[in-house]
Structure formats: structure tokens, C-alpha cells
Amino acid sequence: MKARLMDRAATVVLTLIAILIIGTLVGLLGFILSQGWHKLNLDFLTSPPDIVNAGGGIGPQLFNSLYLLVLTMLIALPLGIGAGIYMAEYAPDNKITQFIRMSIEVLSSLPSIVVGLFGLLVFVNMTGWGYTLFGGALALTVFNLPLLVRVTEDALRNVPRSQKEASLALGITKWRTIVSVILPAALPGIITGAILASGRVFGEAAALLFTAGMSSPNLDFTDFSLNSTTSPLNPFRPAETLAVHIWKVNSEGLTPDARDVADGAAAVLIIAVLLFNLSARWFGNWVYKKMTSGSN
Amino acid sequence: MSVLTMQDTIIQTNNVNVYYGEKHAVKNISMGIEKNSVTAFIGPSGCGKSTLLRSLNRMNDLVPSCRVEGSIIVDGIDINSSQVNIESLRQVVGMVFQRANPFFKSIYENIAFAPRFHGMTNKRDLDELVESSLRKAALWDEVKDRLRDSALSLSGGQQQRLCIARAIAMQPTILLLDEPASALDPISTMKIEELVMQLKDEYTIVIVTHNLHQAARISAKTAFFLMGEMIEMDETGKIFTSPENEKTEAYISGRFG
Amino acid sequence: MSVLTMQDTIIQTNNVNVYYGEKHAVKNISMGIEKNSVTAFIGPSGCGKSTLLRSLNRMNDLVPSCRVEGSIIVDGIDINSSQVNIESLRQVVGMVFQRANPFFKSIYENIAFAPRFHGMTNKRDLDELVESSLRKAALWDEVKDRLRDSALSLSGGQQQRLCIARAIAMQPTILLLDEPASALDPISTMKIEELVMQLKDEYTIVIVTHNLHQAARISAKTAFFLMGEMIEMDETGKIFTSPENEKTEAYISGRFG
Amino acid sequence: MSHRTEGVNTERQSMIAQKMLTTNKRQKTENITGKTIAMICAGLLVIVVLSITYFIASKGLSTFFVDGVSIKEFLTHDKWDPEGEPSAYGVLPFILGSFFVTALAALIAAPLGIGAAIFMTEIFPGFGKKVLKPVIELLVGIPSVVYGYVGLTLLVPFIREQFDVLGFSLLAGGLVLALMILPTITSVAADAIEAVPQDLRNASLALGATRWQTIWNVVLHSALPGCLTAIVLGMSRAFGEALAVQMVIGNTTKLPGGLLEPISTLTSGITLNMGNTIQGTPYNNALWSMALLLLAMSFIFIVILRLLGRKRLAK
Amino acid sequence: GSGNTAQTPAPAQQPAQEKSSSGSTTKTSGEPVTAVGSTALQPLVEQAAKDFMAKNAGAQIQVQGGGSGTGLSQVASGAATIGNSDIFAEEKKGIPANELVDHKVAVVGMAAAVSPQVKVDNLTKQQLIDIFTGKITNWKDVGGEDMKITLVNRPKSSGTRATFSKFALDGKEEAEGITEDSSGTVRKIIAETPGAIGYLALSYFNDSVKALKLDGMEANAENITTNKYPVWAYEHMYTKGEATGDAKAFLDFILTDEVQKKTVTELGFLPITDMKVERDAEGKVTQK
Ligand SMILES: Nc1ncnc2c1ncn2[C@@H]1O[C@H](COP(=O)(O)OP(=O)(O)OP(=O)(O)O)[C@@H](O)[C@H]1O
Ligand SMILES: Nc1ncnc2c1ncn2[C@@H]1O[C@H](COP(=O)(O)OP(=O)(O)OP(=O)(O)O)[C@@H](O)[C@H]1O
Ligand SMILES: [Mg+2]
Ligand SMILES: [Mg+2]
């Protein structure tokens with residue numbers, strides 16, 4: 001009967017742990033949101049920060065974060081999916097493959113600051129670009145690539161073998177089988193993974209300190225040429241993202257409302273990440289349903 | 001059987017051995033398969049039926065550890081020779097698997113996928129082909145109003161017939177069926193059996209089955225395998241009434257397996 | 001045992017119904033199972049054999065959606081009553097599963113696992129119990145020199161016998177076997193069948209099987225199930241030669257399933 | 001009738017043979033191009049890793065080979081004064097700080113994380129899968145600056161008031177990191193526990209073991225390598241985390257003195273000084289050497305993970 | 001109150017643009033100018049750049065942080081047009097200071113900062129040195145209440161630390177304390193931790209922390225411009241060789257009264273034009 005007592009006790013302890021964790025999370029989210037809640041208005045979200053006075057916003061930072069995300073994904077997704085396809089479908093079982101696999105593992109466990117320093121050396125100094133959005137995007141690509149490769153590989157491997165056999169047995173070439181049968185079936189998984197990776201891009205700061213920089217030029221939202229310094233779309237300009245902004249405001253903020261701005265920015269960041277997470281789930285399911293319910 | 005091949009033999013295997021790494025799964029099999037007839041492979045689980053069947057359209061190429069020795073001649077050509085284009089071979093030798101595996105696409109797309117890939121792009125032609133294939137697979141009446149629905153919305157038996165239609169749409173000469181009805185309910189099983197009986201006039205069919213009664217009902221010849229060896233191959237009637245080998249008899253009468 | 005039960009009946013089910021959520025998987029089954037004999041459950045896939053079997057030692061408690069109605073009396077006690085200690089019940093009613101499931105531990109530990117929990121801590125006693133259980137399961141000679149090896153190093157058939165030994169080590173009264181040989185080769189299957197024949201003098205055995213020949217070979221009584229209902233239960237000889245129900249006959253003669 | 005079929009068939013026969021011998025050029029090229037592209041993508045990964053290693057190492061090693069600092073001094077001395085006369089390059093305080101804060105985080109997060117993993121797979125799977133797991137995965141996505149920020153505004157003052165100390169401390173860093181790696185540990189461990197075959201649970205329960213006995217002796221026993229993997233993954237994340245830690249540990253360059261004392265880590269040492277030092281100077285190079293240490297640590301973590309993985313396969 | 005803050009019109013940009021369209025017409029080459037470096041100086045340069053570009057349509061000035069070290073190395077290597085620094089290039093090892101031209105654009109004063117609870121208002125230099133070198137560890141030893149002293153430092157590479165240690169501590173080695181890179185955090189710690197002492201640029205002082213007098217001298221504009229209060233430093237903007245084009249125009253613009261009297265003062269720096277003394281890299285002070 002000691003056994004039954006132990007059973008009870010363990011159940012209680014584990015339940016308490018679960019409650020503790022949920023409590024912490026809810027507390028954490030609640031705290032951040034409640035602190036920043038009053039800042040969540042259109043003006044704060046769209047106006048530029050003010051260096052001297054109170055009342056600045058986070059418009060350019062928000063834009064930078066989104067733009068950086070798009071740039072990163074444009075570079076990282078094709079590479080990640082390509083490499084994922086190689087790992088899942090082509091990689092022979094040999095030393096080279098093992099080496100690639102180890103490279104992926106190493107990349108995924110690299111501290112983001114090391115990636116940032118590498119970016120500083122290569123994308124900032126060696127290329128002579130200085131701190132640029134593009135350099136930041138490349139650093140974040142390095143950072144997200146392993147995740148995307150793994151997600152793609154897993155998603156491809158999770159497609160039932162029978163799908164592949166069905167296609168090959170119809171005399172379809174391997175590449176076409178991959179592209180037309182396996183990849184579509186793996187899409188929900190890949191999309192979910194990509195959106196989760198987006199959340200990481202959005203929240204990353206350490207790697208960006210050294211690559212995209214801690215400042216943002218005065219963006220002119222009427223100028224969309226790719227090479228003007230004040231054009232929002234110019235990828236070769238420094239760009240402070242939301243996460244970096246929180247870091248900077250916290251450490252160097254001179255304005256009287258620095259704390260307020262940090263609170264607001266943190267809330268915006270959390271909400272963005274929440275949105276990414278939820279949409280990842282929802283979108284993945286939606287694509288899956290859409291695909292399996294025909295009509296394509 | 002005379003020397004090695006008979007008049008109407010379309011597939012001829014000569015001393016075929018298949019290995020998975022160290023494992024010798026199919027041992028020294030020589031057999032001829034007649035054109036436009038149904039041949040059944042029977043035997044206990046793991047005896048190598050599927051392995052041999054998959055060698056006939058080189059699906060075993062997918063298994064890295066798998067090695068096939070000996071020659072397999074289809075229509076006079078050794079399919080393992082380097083001149084043979086594997087994609088075209090598989091168009092000629094179609095295959096249907098134990099578990100229905102429709103693509104995660106619409107019913108229409110499931111059937112049109114391969115022909116389109118092989119160069120049929122005209123919409124009208126495709127429509128016709130889809131219809132005729134579904135008709136041959138005795139599925140047309142059940143699905144004609146919902147060709148755009150997902151293939152996964154079909155029942156298990158319908159899915160399996162869809163897979164047969166999909167194979168037929170490539171206009172193969174030979175159809176390999178690996179236990180096509182083993183996962184199905186009795187009624188769907190019956191439909192598949194009827195379908196096989198109908199198709200045998202146009203196609204050469206090789207079917208693997210666990211169900212002895214099924215083999216007896218639909219095949220003209222039956223081959224019995226045991227632990228990788230072909231124990232006996234003969235007219236189905238003969239195998240089930242007076243087999244020559246006592247192991248065959250033991251299996252048929254249910255003493256093991 | 002009085003009123004409801006027969007002289008030698010050790011398990012008596014009365015109007016047992018089992019539901020998985022909405023699904024009615026086992027319908028109104030009343031049957032008696034005799035002590036120290038082998039009873040076989042047969043029927044097509046999905047007919048509820050496993051579900052009924054798992055109700056006998058309350059393994060269905062693990063399935064959240066599962067609901068069992070009616071009474072199941074083991075040796076005069078309703079096993080679903082709140083007084084029954086589920087762990088002790090499962091000691092009395094041992095179970096062996098379709099797929100051998102040894103723990104990722106040594107052969108010795110696999111067998112000593114349960115007795116140790118149930119209070120046997122003396123090393124000498126444990127050693128003895130391990131040996132006697134393995135002997136009863138006809139495995140001792142094959143493994144006695146490598147008791148410390150991982151159980152996963154055994155072959156499939158050996159693993160399955162190890163699982164039987166593991167169940168025996170709890171010294172149960174009743175052994176439930178759910179298709180214990182379906183994943184095994186003919187030779188291992190034969191060994192398991194021999195084992196069951198030996199054990200029946202000491203234990204009451206209920207075995208689910210897909211293999212009609214196996215049922216015919218080893219059981220004293222056979223129950224035939226179809227879509228959740230028990231169609232017929234009788235002496236095995238009678239079931240296989242002159243069943244009363246025509247559905248039973250159709251199944252036995254291989255017309256479906 | 002039979003004659004006609006004959007005719008058709010002979011015609012077809014030659015067609016069949018021919019068909020099998022024809023190759024579609026376009027398909028072949030497509031096939032090869034596709035494979036090549038996929039291969040290049042994978043190759044790029046390797047190049048990235050190699051160049052990161054090369055660049056960081058070439059910078060980091062110049063401390064020893066150009067500036068003449070001895071590796072032994074670098075790793076074992078506790079005096080850090082690169083601008084002093086004479087300059088001293090002992091990074092032991094940073095190394096120990098990193099190790100202690102990582103160990104503390106793992107000590108806190110591992111039992112909680114694995115406990116939560118058991119809860120959501122074994123005790124309450126419905127709720128666990130539907131609510132707890134997604135919620136915990138949300139935590140993975142929270143940016144580390146936010147963790148640091150919350151640590152700075154809530155945790156540090158709390159510790160200060162409770163213990164009448166500064167607040168900036170090993171403890172604060174450990175707690176913030178524990179919170180950060182908790183989701184990683186939980187979700188990886190949950191996957192490992194879920195992967196234990198249901199068969200084994202059934203076997204144990206059917207032998208009359210209680211649920212806890214089953215979890216402890218069968219499930220956890222089988223999932224052990226997976227759980228260790230989870231912990232090591234979490235630790236590797238903790239070891240490399242920069243901003244969140246830097247905001248709460250006080251960054252005092254001296255050997256860690258206790259739970260409530262401030263410390264420094266390799267990452268905070270780098271972020272604090274990298275921008276203020278001149279490239280190519282010994283000071284700057286020493287920072288790169290610290291980055292090289294971080295890199296080496298991730299290699300070590302990988303090796304550990306691989307060993308754990310192999311152990312799992314061997315089972 | 002929050003509603004009001006939110007309603008303040010989108011600041012600076014709009015009027016600035018109007019000005020630029022109507023505005024004065026200095027010639028600009030349109031060559032992009034990058035000013036990189038000191039994070040302390042960054043707000044000033046950013047604001048000035050904003051104003052400069054508003055006046056001169058077509059001018060492109062990019063301001064980036066990164067730290068003084070980064071600024072100096074980038075301008076020396078030619079990667080940046082202007083390197084912002086808190087310290088003299090001569091003070092950093094590894095910089096070819098002779099190739100760089102110094103433009104001193106502002107002066108920043110620094111003072112020891114304590115939380116308002118600390119009852120001490122004035123320290124002698126020796127007391128300050130003793131505190132920061134760890135000889136004195138309790139406020140009662142310098143006339144305050146019985147309270148432990150907690151040091152809050154900047155990183156060894158920091159320019160603020162270099163200045164403070166050179167002019168307030170006579171170059172004595174500080175004892176180890178909490179180290180924070182950023183002024184915001186330092187201020188926060190000092191404000192919240194009883195008995196803490198650190199040092200901050202004057203711009204960071206507000207109600208939450210108190211500046212200490214040094215040898216009776218208050219750290220204010222008057223005392224600094226005359227060097228009666230010695231703890232101050234220049235903010236430098238270096239160019240490689242003489243400044244040309246837009247860079248020159250921009251540097252000139254920063255020295256105009258418009259910037260010096262307004263932005264510089266607003267951000268808590270002292271206008272360079274107000275200085276009555278001059279100091280070189282070695283620390284030698286001469287009257288102007
Ligand atoms: N991919 C593989 N790798 C290694 N061994 C394999 C593989 N596929 C099959 N085998 C082995 O080869 C033998 C023959 O397998 P095969 O699948 O051909 O049997 P089968 O007669 O089709 O059995 P079943 O009736 O169960 O389908 C078996 O022992 C099997 O374990
Ligand atoms: N956990 C479950 N949840 C829902 N339905 C279930 C569950 N387990 C079994 N069923 C359903 O209950 C019915 C009976 O299942 P059961 O496993 O008892 O069949 P069986 O006779 O053992 O079949 P087999 O011979 O295939 O093992 C089936 O229709 C099955 O789909
Ligand atoms: Mg098979
Ligand atoms: Mg079953």
C-alpha cells in the first residue's frame with residue numbers, strides 16, 4: 001500500500017509542478033501585457049521614437065522587425081527547404097552526411113552572440129557594408145537555417161512512405177515526386193516550423209546588436225526606392241528592431257518615459273510572438289485541411 | 001512448363017535472389033508468368049512474396065540495403081539492364097499496394113497526375129482518360145459527381161479501387177497487386193476480386209494474397225513460397241486439390257501459418 | 001461458486017457492454033469461462049475480441065473514452081466494484097499482448113520486475129522465481145547463460161515467451177493472451193502453442209487468435225464474435241465441425257474475414 | 001476473336017519493349033538539377049559552419065599566437081585587466097560564472113521540466129496536449145530581452161528585498177535562465193516520453209504495477225537518454241544566452257562567491273566590451289577568444305548529445 | 001495622462017519636412033555620410049543629423065552606435081566617414097591617432113552618483129579614491145550613516161570609466177563592483193540600492209539619484225567650463241584626414257549655436273563653445 005501512497009503523492013507533486021508552470025507563464029504574460037497595455041495605440045505603433053522628449057513611438061522599429069523578418073525568410077526558406085530535401089531524400093548514409101548532420105546540430109546550438117560576432121566580422125567589416133538590415137538578415141539566416149532544415153526534413157520524413165511509393169510506382173521521377181507529392185503533403189509541417197522560426201527572428205536581439213545595429217535612420221515612408229538612405233525598403237541601411245530597441249531604451253534611454261516605452265515595446269513584442277504562435281497552429285491546420293479535402 | 005519459357009510468357013525470372021543486407025529474402029527463383037492471366041503468390045508471412053513482386057518493377061531500388069541478383073525478363077528485355085529507363089518500366093508494370101495510398105489530392109488529380117507527367121497535357125484527353133480509368137476500376141458511378149473532392153474522403157474499398165484506376169490510367173501491360181484487399185471489409189474485397197476478374201482480359205495480373213480462398217477464386221496459376229523459396233507453382237486447381245509438395249499441402253490444409 | 005456460475009466457471013460475464021465514446025464495441029455478452037482450460041476467442045478484425053479480453057483485467061481503464069457496463073465476476077467477485085484493488089486484480093489475471101513487449105532491461109529484470117514490486121525482495125527467492133518462470137515458459141535452457149543480457153537481444157519468439165514468463169512470475173490464476181503468436185514465424189508459433197497446452201493444467205487461459213487452425217488445435221472451447229456480438233460459444237470441436245449459427249459456418253469456411 | 005487479340009498483342013509487345021528503353025531527356029535533366037540544387041543548399045550549411053569556426057578561431061587564437069598570452073593563464077587565472085599595466089587576461093571568473101549560472105538553471109529547470117513533461121504525457125494527457133504543451137511552446141518563443149527585462153524589473157528587486165542584498169546575482173541569472181530553458185526541456189522531454197511505446201506501459205500495468213511505479217521504472221527508464229538530451233539542450237541554450245543574463249547578474253569580474261553575489265559570464269563579458277574596444281588590439285582579441293570558448297562549448301554539447309543519442313540507439 | 005501623451009502630434013518629422021521644402025539651400029553633394037561609434041554621443045548626433053537633413057534636402061547622414069572603439073576603428077579603416085568617441089583617439093591603443101582629425105563637439109561632465117537616501121553631499125578626492133579602491137566600505141567613515149557602500153562600475157573598456165578614473169580617481173585602480181554597460185541601468189541600480197555609489201554623465205541625473213560635490217565643487221556648467229570641477233570629457237567626432245563635403249558641412253552645423261545652444265544643452269551636454277579652458281589628450285589644461 002506504500003505503492004499506492006507513492007502513486008498519489010507523485011500525482012499531487014506533478015500536478016503542482018504543472019500548476020506552477022502555468023501560473024508562472026500566465027503571470028509573466030499578464031505582467032508584461034498589463035505594464036504595456038496603456039501604450040498600445042496606433043500612435044505609439046506608428047510614430048518614430050523621440051530622442052529627447054517623452055511621447056515617442058516605435059513605428060520604425062516595428063517596421064524594421066517585420067522587414068527583417070521578410071528578408072530573412074526570403075533567404076532562409078529556400079535554403080532551408082533545399083537542404084531539408086537533401087537530408088530527407090538524397091543524403092546517402094555515409095560520413096559526409098554525418099558531417100552535414102553534425103554541422104546542422106552545431107549551427108543550432110551556437111549562441112546567438114557568436115553568430116552575431118561572426119556577422120560583425122563578415123557581413124559588417126569584411127564586406128564594408130557597416131551595420132545593415134541585410135547583414136542582420138544573413139546573420140538571422142545562419143541562426144534559423146538549422147531549425148528550418150530540421151523542420152523540413154522531419155515534415156518530409158513524416159509523409160507516409162506509401163505516398164512516395166505510389167508516385168514512383170507510377171513512373172514519376174524522384175525529383176517530381178518530391179516536388180509534387182511529398183512537399184505538398186509536408187507543407188503544413190513546414191509552414192508551422194517557418195512561422196515558429198519567424199517568432200525567433202522577431203525576438204532576437206543579441207545577434208542583431210552586432211549586425212543590423214542599434215540605430216535606425218529617419219525613415220521616410222513616402223520613399224520606396226531601394227537605395228536611398230531614408231527609404232524604408234533599402235536593405236543596406238542600419239535597422240534597429242523592436243527587441244533591440246527594448247534593450248537600448250532600457251540601457252541608454254534618456255527620455256523621461258523610457259520605462260514606458262520599454263513596457264509598451266515589450267507588450268507589442270509579446271503580442272507579436274503570440275500571434276505568430278497561434279497563426280502557426282491555425283495556418284498549419286488550415287493548409288492541411290485544405291489539402292486533404294481536395295480541390296486544388 | 002517446357003524449357004524455361006512458354007509461348008505466352010511475358011515475365012520470366014531466372015535464378016532470382018534478393019538480399020536485404022545479409023538477409024537472403026528470396027532464393028533462386030525461376031518462374032514464368034503468363035500473359036493476360038492472373039497469377040497468385042501465396043505463402044506464410046515473411047516468405048518473400050512482396051519482395052519478389054517488388055523486384056518485378058524495381059521498387060526494391062528504393063531500399064538501400066536491397067540487392068537483386070539473377071535476371072528478370074519482361075517482354076524480352078532484362079529490366080535490370082542499364083538501358084532500361086526505370087520510369088518507363090514502371091509505366092509498363094503498374095503496381096497497387098496492400099494499403100490504399102491515394103495522394104492527398106482530389107480524385108481527379110490522383111488519376112491525372114501520372115499521365116500529365118508523362119506528357120498528356122490536353123484537358124479533354126485527360127478528362128476522357130480519367131473517366132475511362134475510373135470506369136474500368138468500377139468506380140465511375142460512385143464518384144463521378146465529386147471528382148474534385150479529396151481522395152481521402154472515399155471509403156477504404158473505394159480508395160483501393162481508385163489506386164487501381166490510377167495504375168490503369170498509365171495504360172500498363174502488367175499489374176502487380178500486393179494484397180490489395182487484405183485491409184478491406186468483405187464487401188469491398190468482393191468488389192476488388194470482381195474487378196481483377198474483369199481486368200485479366202486486358203492485363204497480366206500478379207497478385208499476392210494471404211487469403212487462400214481468394215487465390216483459389218481468382219487466379220489461374222498459383223505459386224507457393226516458403227522462407228524465400230518457391231516450393232511449387234502450378235494451375236491453381238491443382239495446387240489446392242493435389243499439390244505435389246507436402247509442405248504445400250500442410251500450408252493449404254492450415255497446419256501452419 | 002453458487003447461483004450464477006457453473007461448477008467450474010472461474011470467470012462469468014453478465015450482459016457486458018463496452019463503449020468507446022459513442023462506439024458500441026462489445027454488445028451484451030454473457031459467457032462463462034472454465035477453470036484450468038483454454039478458451040479461444042475468434043472472429044474477424046474489429047469484432048471486439050481484444051476489447052472484451054481487456055475488460056477482464058480492467059486494462060480498458062486506461063482508455064479514457066472507454067466505458068464498461070454489466071458485471072464481470074472473477075472467482076465470485078465483481079472486478080469492477082470499488083473494493084477491488086486494481087493492481088491486485090491484475091496480479092491474479094495476467095495478460096500477454098499481441099506484440100512482445102519486453103522492458104528495455106535485462107532478461108532477469110524483466111521477470112523480477114513485478115514480483116519485486118509486489119514485495120518479494122529476497123535475492124534467493126527472486127532467483128528461484130525467475131528460474132521457475134522461465135522453465136515454465138520453456139525458455140530457461142535458451143537463456144540461462146545470459147540472464148543479464150538485454151531482453152531485446154532475444155528473437156521475436158523468445159521475447160514473446162519471455163513475456164509469458166513475466167506474467168507467470170506474478171503467479172496469476174488466469175492468463176489472457178491477445179494474439180500472442182500472430183507476429184511470429186511458424187516455428188515460434190508452434191512453441192507458443194505447445195507452451196499454452198502445457199500451462200493449461202495450472203492456469204485458466206483465454207486466447208484471442210486470428211488463426212482458426214490454432215484455435216482448433218489448442219482450445220477446449222471457442223467463442224465466435226461478429227461486430228461486437230458473441231454469435232456462438234461451444235466446444236471447439238463442435239464449432240469447427242458443426243456450428244449452429246450459419247454466420248459461424250460462413251466464417252469458419254473462409255467465406256469472409 | 002482470339003485471332004484479333006493475338007494481333008493486337010504482338011503489336012503491343014514490341015511497343016512495350018521499346019517503351020521501356022526510351023528515356024525522357026527533360027525529366028532526366030530535371031531530376032539531376034533538382035538533386036544538385038538540394039545538395040548545394042546542404043553544402044552551404046557546412047560552409048557556414050566551417051567559416052564561422054574559421055573566423056572565430058582565427059580571431060580568437062591570435063590572443064595566444066600573436067599577443068602571446070599563455071593559454072593556461074587565459075583559462076586558469078582569475079585576474080582580468082586587459083588595460084592595466086601589466087595587463088592580465090585571466091577569464092576564469094567568466095568561465096566559472098557561465099558554468100555556475102548554467103548549472104543552477106539546469107538544477108531548477110530539469111526537475112520542473114521533466115515533471116511537467118510527465119504530467120502532460122502520463123497524468124493528464126488530454127489537458128496536457130491541448131493546453132499545457134502549446135502554452136509551454138509559447139514560452140519558447142518569448143524573446144530573451146523580455147525575459148531579461150522582467151527579471152530586471154521584478155526578480156532583482158524581489159531578491160534585494162528578501163535577502164537584503166544587491167539583487168543582481170547568480171541566483172537571479174539562474175532563475176531567469178531556468179525560466180528560459182524550461183520550455184525547451186519540457187517539450188523535448190515530453191517528446192521522448194511520448195515516444196516510449198505504449199506496449200511497455202501496458203505490460204507494466206498488466207503486471208499490477210501502479211501508475212507511478214510504471215512511470216518511474218519503465219517509462220522514465222526508457223526515456224532517460226531523451227530526458228538527458230533535453231537537459232543538455234537546455235544547458236547549451238543557457239550557456240550561450242547573452243542579454244537576458246547580462247541584465248540581471250551584475251557583471252562583477254570576480255570569482256563567483258555565492259548564490260546572492262553578482263557574477264560575470266562569457267557572454268556578458270563580450271557584449272559589455274566588444275563595442276568599446278579597438279579591433280586588432282589584445283583586449284579585443286581576448287574577447288574573441290572568449291567567443292571561441294563559447295563556440296568550443298557548443299561543440300562539446302554536441303558531442304555529449306551525440307553520445308546520448310548513440311546510447312539511445314544502442315538500447 | 002497617457003491619453004495626452006498619445007495625442008501629441010507625430011513629432012519632429014512633419015514640421016521638419018515642411019522646413020526642408022521651403023528651407024534654406026546649403027549645397028549638398030548627396031554623398032552618404034556615416035557616423036559610427038559612441039552610444040553616449042549617438043542621441044546628439046542623431047538629433048543633429050535629423051535637423052541637418054531637414055535643412056538640406058538630399059543630404060544623407062547615417063548614424064550608428066556600436067561603441068567608441070568601433071567608431072574609432074571604423075573611421076581609421078575608412079569604413080565610416082565619422083567616428084564618434086567619448087575619448088581621445090590617443091588614449092586607445094591600436095588607433096593611428098595621427099591620421100585622424102579631431103572635432104570636439106561637446107563636453108560631458110560626470111559626477112559621482114548616490115541614491116538620495118545617502119546623507120553625504122560632498123566628498124574629498126581622497127575619500128572618493130578610498131571608496132572606489134575599496135579602502136572605505138561604509139558611509140559612516142565619510143560622515144554619513146552606518147550603511148554599507150556598494151560600488152557600481154562601468155566595464156573596463158568604457159569611456160565614462162576611463163574619464164572618471166583619470167580625473168576623479170587620479171588613475172587609481174577601482175575595486176570590483178557590479179558592472180553595467182549602460183547609464184540607464186547604472187542609474188536604476190543606484191536609485192534602487194541603498195548605499196550604492198557610481199558615476200554618471202550629468203545628462204543622466206534626475207530626481208532618483210543625487211550628484212556628489214567633489215572637494216566642495218558642484219558639478220555644474222560654471223565649474224566645468226572653468227575646470228574648477230575637473231571630471232569632464234570631450235565628445236569627439238573623428239574624421240580620417242580633414243573633413244570634406246557633407247561631412248564637413250555636418251560637423252560645421254553641429255558647432256553652430258543652433259545645435260550647441262539647443263540640442264546639446266537639451267541632451268545634458270555642455271556646449272563646446274562655452275568652454276573657457278582647453279585640455280589635451282594627456283590631460284594638460286590650458287586657458288583659452
Ligand atoms: N526493407 C527490408 N529490410 C530488411 N529486411 C526486409 C525488408 N523488407 C522485408 N524484409 C524481410 O524479408 C523477408 C521477406 O519479406 P516480404 O515482405 O517479402 O514477405 P511477405 O511474404 O510479403 O510477407 P507478408 O505476407 O507479411 O507481407 C522477411 O523476412 C522480411 O523481414
Ligand atoms: N481505443 C479505442 N478507441 C475507439 N475505438 C476503439 C478503440 N479500440 C478499439 N476500438 C474499436 O472497437 C472495435 C473493437 O476493437 P477490438 O480491438 O476489440 O477488435 P478485435 O476484435 O480485437 O480486432 P483485431 O482482430 O483487429 O485485433 C473496433 O471497431 C475498434 O475500431
Ligand atoms: Mg508482403
Ligand atoms: Mg485485437
Side-chain angles (χ1 to χ4, degrees), chain D residues 67 78-85 87-89 93-94 97 148-149 152-153 156-161 164-169 172 242-243 246-255 257 261-265 268-287, chain E residues 36-40 42 64-77 79 83 85-87 89 91-97 148 150-162 165 171 173-182 184-186 188-189 191-196:
Chain D
D67 306 329
D78 62 357
K79 188 158 162 49
W80 171 252
D81 190 5
E83 303 227 297
E85 294 289 340
S87 47
Y89 294 97
F94 298 105
Y149 181 58
L152 187 66
T153 44
V156 170
F158 176 78
I159 294 178
R160 177 166 51 231
E161 271 144 39
D164 192 28
V165 287
L166 276 172
F168 293 89
S169 55
L243 302 186
Q246 188 196 322
M247 286 163 106
V248 299
I249 54 173
N251 308 306
T252 305
T253 317
K254 58 173 196 198
L255 293 177
E261 296 285 311
I263 55 163
S264 277
T265 62
S268 72
I270 296 172
T271 43
L272 281 180
N273 294 302
M274 190 53 98
N276 290 328
T277 52
I278 307 287
Q279 275 200 40
T281 56
Y283 194 167
N284 189 268
N285 286 343
L287 298 179
Chain E
V36 183
S38 159
T39 40
Q42 191 183 344
Q64 303 173 10
S68 301
T70 310
L72 288 173
S73 31
Q74 292 222 357
V75 72
S77 72
S85 173
D86 302 334
I87 54 173
E91 289 178 275
K92 281 274 182 199
K93 286 184 211 155
I95 290 292
K148 216 176 131 257
T150 303
L151 296 183
V152 184
N153 261 331
R154 313 302 289 270
K156 292 224 160 79
S157 54
S158 143
T160 312
R161 174 161 171 167
S165 117
E173 169 85 358
E174 286 115 315
E176 270 305 332
I178 297 183
T179 309
E180 289 299 337
D181 184 29
S182 64
T185 316
V186 169
K188 186 171 155 66
I189 297 173
E192 290 177 0
T193 314

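Convention: sequence-line order gives letters A, B, ...; per-chain numbering from 1. Just so you know, these numbers use all the heavy atoms, side chains as well, and skip hydrogens, waters and symmetry mates.
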Under 3.5 Å donor-acceptor, D:Thr252 side chain and E:Gly177 backbone:
yes
Minimal heavy-atom distance between D:Ile278 and E:Leu72, with the atoms involved, is CD1-CB, 3.8 Å
Less than 4.5 Å apart, any side-chain heavy atom of D:Met247 and any of E:Thr185?
no
Checking D:Tyr149 now: which residues fulfil side-chain hydrogen bond (donor to acceptor under 3.5 Å, both in side chains) with it, not counting sequence neighbours?
A:Arg259, A:Asp263
So what's closer than 4.5 Å to chain D heavy atoms on E:Thr150: side chain, backbone, both or neither?
side chain
Supply the atom-to-atom distance D:Gln279 CD to E:Thr70 OG1, rounded to the nearest 0.5 angstrom.
7.5 Å
Any E:Lys188 side-chain heavy atom under 4.5 Å of D:Leu152 side chain
yes
Residue pair E:Glu180 / D:Gln246: nearest heavy atoms and the distance that separates them
OE2-O, 4.0 Å
Can you tell which part of E:Lys148 gets under 4.5 Å to a heavy atom of chain D, answering side chain, backbone, both or neither?
neither
Considering only heavy atoms, which portion of D:Thr277 lies under 4.5 Å from any heavy atom of chain E: side chain, backbone, both, or neither?
both
Look at E:Ile95, E:Thr179, E:Leu151, E:Ile87 and state which one has the largest set of heavy-atom pairs under 4.5 Å with chain D.
E:Thr179
Smallest separation among heavy atoms of D:Gly250 and E:Ile178, with atom names:
O-CG2, 3.1 Å
Between E:Asn153, E:Thr193, E:Val152, which has the largest tally of heavy atom pairs under 4.5 Å with chain D?
E:Thr193
Would you mind checking which part of D:Asn284 comes under 4.5 Å of any heavy atom in chain E, side chain (CB onward), backbone (N, CA, C, O), both or neither?
neither
Shorter than 4.5 Å, heavy atoms on both sides: which option in E:Gly67, E:Gly37, E:Gly69 has the most such pairs with chain D?
E:Gly69
Okay, E:Glu173 and chain D: the region with an atom under 4.5 Å from a heavy atom over there is side chain
